[in-house]
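Following: one structure in structure tokens, then a few remarks.
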Amino acid sequence: MILTWFGPWPDWMRFFVESCRRNPTIDWAIWSDQPAPDDLPPNIRVTTLGFEAYRAHAAQRLGLTPRWRDPYKLCDLKPALGWIHRDVSAPYDYWGFGDLDVVYGDIRAIYDPATLDHDIISTHADIVAGHFSLIRNTGRMTRAFERIPRWRDMLARDVHVSFDEQIFSRLFLLHKGLRNLTRFVTPYLGGGLFAERHSTDLPPRLWIDGTRNYPRRWIWRNGRLTAEGAGDRDFLYLHFSHWQSDRWTPDGRAAWKALDKLDRCPPGRLDAFSISAEGFLPLDDSA
């Protein structure tokens, strides 16, 4: 998994780290302008690099002249990260891109070898998910983004164009959900698994029962992620963008923005915690 993050580490960073620790057969490579957090597991590697230096490195690898200065633009580069960091991705059968505002469950419990036998794997049914997608590490797939007309121009622009989701998806999907793209004619590559994993509690996504009655609380215990009201079902990860960012909430108000303290768990490594609009809370034995 290849991620970028520029700016102070978020308040939930230790929960992200702990969920990675419990997936020891999967590696994370993170580029950031911050020093590595304390007590990282061996499957997380942080490379500290200033934003301008990272921007220059990515531009050189892609052969373009970037006009952007906002780190949010790096979202557009996600489908190209395996190529930008090909020295890191080279040994792997698959590489992936995602976000930091997630807590993972037991990834291998859901992504078994049969599930992984696809060229691209997304956690949404109708789009390449920017917060977690996997790509088979072949020349055809790692450089698939180059099949999109005018890709260099789009990645060089000074505004975010949803290259990672709306535009990249056109290579693999031929139907609904791809907005504002009638002017793009892209080849169809296919070969993907697009299955809704119910990671993101935001409309128009529906919950497992077909409603928008999303769970109020998620439970992480010893590397396993479950949700209130979902019985014993395991989930791949929780993407809590709706609680942490005003950008994605229907009413423009993110619950965590109003909290005086997000992390209410004891210090040190964690075996269990809950995630809700109230933040990260410890679990008692009855939870």
Side-chain angles (χ1 to χ4, degrees), residues 1-6 9-10 12-49 53-54 57-58 61 71 74-75 77-123 128-145 164 168 192-193 197 199 220 222-225 234-240 269-271:
M1 296 298 298
I2 302 175
L3 282 68
T4 59
W5 181 273
F6 289 88
W9 296 117
W12 62 80
M13 186 63 178
R14 74 180 182 122
F15 301 95
F16 170 86
V17 167
E18 198 60 42
S19 71
C20 295
R21 189 191 312 275
R22 301 303 180 100
N23 284 283
T25 65
I26 300 167
D27 293 337
W28 279 263
I30 304 174
W31 275 261
S32 176
D33 56 357
Q34 303 297 306
D38 295 334
D39 193 29
L40 284 184
N43 62 333
I44 299 180
R45 183 177 72 181
V46 173
T47 300
T48 301
L49 190 67
Y54 184 84
H57 173 71
R61 284 288 174 101
L74 292 175
C75 291
L77 272 60
K78 287 178 180 179
L81 287 175
W83 180 243
I84 293 171
H85 299 293
R86 51 192 179 270
D87 50 332
V88 173
S89 64
Y92 295 89
D93 293 328
Y94 288 84
W95 63 274
F97 54 81
D99 288 337
L100 211 64
D101 56 347
V102 303
V103 164
Y104 300 103
D106 184 348
I107 296 173
R108 294 285 188 184
I110 297 172
Y111 278 0
D112 57 17
T115 305
L116 288 174
D117 192 20
H118 295 85
D119 284 342
I120 184 168
I121 303 165
S122 173
T123 57
V128 173
H131 37 85
F132 193 98
S133 287
L134 302 181
I135 295 176
R136 196 191 297 272
N137 196 12
T138 62
R140 174 180 180 271
M141 290 303 300
T142 296
R143 302 186 71 171
F145 66 95
D164 59 322
F168 192 58
L193 173 64
R197 302 297 176 181
S199 64
W220 187 93
N222 295 318
R224 186 179 176 220
L225 181 66
D234 281 283
F235 291 87
L236 190 66
Y237 65 100
L238 169 63
H239 180 217
F240 39 76
R269 294 188 184 179
L270 299 160
D271 293 324

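Count residues from 1 along the sequence.
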Taking it one step at a time, do Thr142 and Trp95 satisfy side-chain hydrogen bond (donor to acceptor under 3.5 Å, both in side chains)? CA-CA 9 Å; Thr142 296; Trp95 63 274; 3.0 Å; yes
Approximate separation, where rounding is to 0.5 Å, of [X] [atom1] and [Y] [atom2]:
X: Asp33; Y: Thr4; atom1: CG; atom2: OG1; answer: 10.5 Å
X: Leu40; Y: Arg45; atom1: CG; atom2: CZ; answer: 12.0 Å
X: His131; Y: Ser122; atom1: NE2; atom2: OG; answer: 7.5 Å
X: His85; Y: His57; atom1: NE2; atom2: NE2; answer: 5.0 Å
X: Tyr111; Y: Ile26; atom1: OH; atom2: CD1; answer: 10.5 Å
X: Leu193; Y: Ile120; atom1: CG; atom2: CD1; answer: 10.5 Å

Counting N and O atoms only, with roles assigned by atom type, does the side chain of [X] sit under 3.5 Å from a partner on the main chain of [Y], one being a donor and the other an acceptor?
X: Asp117; Y: Pro113; result: no
X: Trp9; Y: Pro35; result: yes
X: Ser32; Y: Trp5; result: yes
X: Thr123; Y: Arg197; result: no
X: Asn137; Y: Tyr92; result: yes
X: Asp164; Y: Pro79; result: no
X: Arg61; Y: Ile84; result: yes

In a check of salt bridge (charged side-chain N to carboxylate O under 4.0 Å, His left out) between Arg224 and each of Asp234, Asp106, Asp271, which one passes?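 Of the listed residues Asp234, Asp106, Asp271, the salt bridge (charged side-chain N to carboxylate O under 4.0 Å, His left out) partner of Arg224 is Asp234.
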Criterion salt bridge (Lys or Arg N to Asp or Glu O under 4.0 Å) on Arg14 and Glu18, from CA distance to verdict: CA-CA 6 Å; Arg14 74 180 182 122; Glu18 198 60 42; over 6 Å; no
State, yes or no, whether a side-chain contact exists between [X] and [Y] at a heavy-atom distance under 4.5 Å.
X: Ser199; Y: Phe235; value: no
X: Arg108; Y: Thr115; value: no
X: Asp101; Y: Pro10; value: no
X: Ile107; Y: Leu236; value: yes
X: Trp220; Y: Phe15; value: no

So, are Asp39 and Arg269 salt-bridged, with charged N and O less than 4.0 Å apart?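 Salt bridge flag = yes for Arg269 with Asp39.
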Gln34 and Val46: CA distance, side-chain angles, deciding distance, side-chain contact (heavy atoms from CB on, under 4.5 Å) verdict: CA-CA 9 Å; Gln34 303 297 306; Val46 173; over 6 Å; no
Applying side-chain contact (heavy atoms from CB on, under 4.5 Å), run through Asp119 and Arg140 and close with a yes or a no. CA-CA 9 Å; Asp119 284 342; Arg140 174 180 180 271; 3.0 Å; yes
Closest non-hydrogen atom pair, Leu100 against Met13: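 Minimum heavy-atom separation between Leu100 and Met13: CD2-SD, 3.8 Å.
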Verdict with reasoning, Leu3 to Trp31, per side-chain contact (heavy atoms from CB on, under 4.5 Å): CA-CA 6 Å; Leu3 282 68; Trp31 275 261; over 6 Å; no
Positive for side-chain contact (heavy atoms from CB on, under 4.5 Å) with Lys78, one of Asp99, Ile135, Ile2: Asp99
Between Tyr104 and Phe132, does a side-chain contact (heavy atoms from CB on, under 4.5 Å) hold up when you go through it step by step? CA-CA 10 Å; Tyr104 300 103; Phe132 193 98; 3.5 Å; yes
Between Phe6 and Tyr54, ring centroids under 6.0 Å: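 Yes, ring centres under 6.0 Å apart.
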Does Asp87, at its CG atom, have more than 12 non-hydrogen atoms belonging to other residues, nucleotides or ligands within less than 6.0 Å?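 Atom CG in Asp87 is packed in, count exceeds 12.
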Taking CG in Asp112 as the centre, count heavy atoms belonging to other residues, nucleotides or ligands within less than 6.0 Å. Is the count above 12? yes
